[in-house]
Amino acid sequence: MTTQMKSATRIFSEFVNHVHSTLRLPLHSIKNLFPDKPSCLLEYHHLNKGKTKALEIRFDDYGITLSCLFDKNGLCEFSSLFLDSLEDIGKYICFLNESYSYNAQCNGWSLTKGHIRLEGSKDDVAFICFP
């Protein structure tokens, strides 16, 4: 099945599984999940707080970037999906509403081992996954 033949909702469902599966994994394990995809390792230096690493994995065929932020132990503590286009955002929100229970306390949907919520502005959004 080609990329064009898959529905937007089905593709998004697969990416929700991807972003969810990266939580609490070390960097090398996440890179091994997506060996054929371009990636970028970033290191942020914070004044008086040390440094933080982030990994971005690009899925050009789908217009999505998966980003993981690592804690001081090198485990993914937050992962995000950044979308190139907001065209199907309504379908994605409907999918989450139909597939997962909404948790008002975390302002997002409850997954098996974490939560996912929508953050951003009218022009730029991300689905953030966290424990």
Sub-4.5 Å side-chain heavy-atom contact between C129 and H115:
no
Minimum side-chain heavy-atom gap F82-E56 below 4.5 Å:
no
Would you confirm whether the ring centroid of F15 sits within less than 6.0 angstrom of the ring centroid of F59?
yes
Distance in Å, H45 NE2 paired with T52 OG1, rounded so as to fall on 0.5 Å steps
9.5 Å
Would I30 end up clustered with L23 when hydrophobic side chains under 4.5 Å apart are linked, directly or stepwise?
no
For side chain to side chain contact (heavy atoms under 4.5 Å, CB included), just list the numbers for L42 and K53, CA-CA rounded to whole Å, side-chain angles, deciding distance to a tenth of an Å, and then say yes or no.
CA-CA 6 Å; L42 306 164; K53 287 187 179 179; over 6 Å; no
Mind checking whether I89 and L118 have side chains closer than 4.5 Å, heavy atoms only?
yes
Under 3.5 Å, is there a donor-acceptor pair between the side chain of S99 and the main chain of L96?
no
Separation between CG (L111) and CG (N103), nearest 0.5 Å, reads 10.5 Å
Would L41 and L25 show up in the same hydrophobic cluster when neighbours are defined by side-chain heavy atoms closer than 4.5 Å?
yes
Are side-chain heavy atoms of L81 and F12 found at a separation under 4.5 Å?
yes
Side-chain contact, heavy-atom cut-off 4.5 Å: T9 with D88?
no
Does any part of the side chain of V16, heavy atoms only, come nearer than 4.5 Å to the side chain of Y92, both counted from C-beta?
no
Heavy-atom side-chain proximity of I128 to I116 below 4.5 angstrom
no
For S67 and S80, which I'm curious about, is there any donor-acceptor pair between the side chains at under 3.5 Å?
no
Report whether I64 and L86 are members of the same hydrophobic cluster (ILVMFWY, side-chain heavy atoms less than 4.5 Å apart, transitive linking).
yes
Verify, without hydrogens or angle tests, whether S79 (side chain) and T22 (backbone) share a donor-acceptor contact under 3.5 angstrom.
no
Residue K37 excluded, over 12 heavy atoms near NZ under 6.0 Å:
yes
To the nearest 0.5 Å, how far apart are NZ in K51 and CD in E43?
4.0 Å
Using a 6.0 Å cut-off, check whether atom OH of Y102 has over 12 heavy atoms from anything other than its own residue.
yes
Under 6.0 Å between the ring centres of F78 and F70?
no
Is there a side-chain contact between P38 and I57, using heavy atoms and a 4.5 Å cut-off?
no
Measuring from atom CD1 of I93 to atom CZ of F127, what distance do you get when rounded to the nearest 0.5 angstrom?
5.5 Å
Just say parallel, tilted or perpendicular for the rings of Y100 and F95, cut-offs at 30° and 60°.
perpendicular
Quick one: does any side-chain atom of H20 pair with a main-chain N or O of K113 as donor and acceptor, under 3.5 Å?
yes
Going from SG on C68 to NZ on K31, what distance comes out if it is rounded to the nearest 0.5 angstrom?
11.5 Å
Is there a donor-acceptor pair under 3.5 Å between the side chain of D71 and the backbone N or O of G74?
yes
Validate the cation-pi geometry between R117 and F130: distance from NZ or CZ to the six-membered ring centre under 6.0 Å, angle to the ring axis within 45°.
yes
Just verifying a value: how many Å separate C76 SG and R24 CZ, rounded to the nearest 0.5 Å?
8.0 Å
Under 3.5 Å donor-acceptor, D124 side chain and G120 backbone:
no
Compute whether any side-chain donor of one residue and acceptor of the other, for D84 and Y62, lie under 3.5 angstrom apart.
no
For the residue pair P26 and L75, what are the closest heavy atoms and their distance?
N-CD2, 3.8 Å
Working note: L55 + C40, criterion side chain to side chain contact (heavy atoms under 4.5 Å, CB included); need CA distance, chi angles, decisive distance, verdict.
CA-CA 6 Å; L55 176 67; C40 177; over 6 Å; no
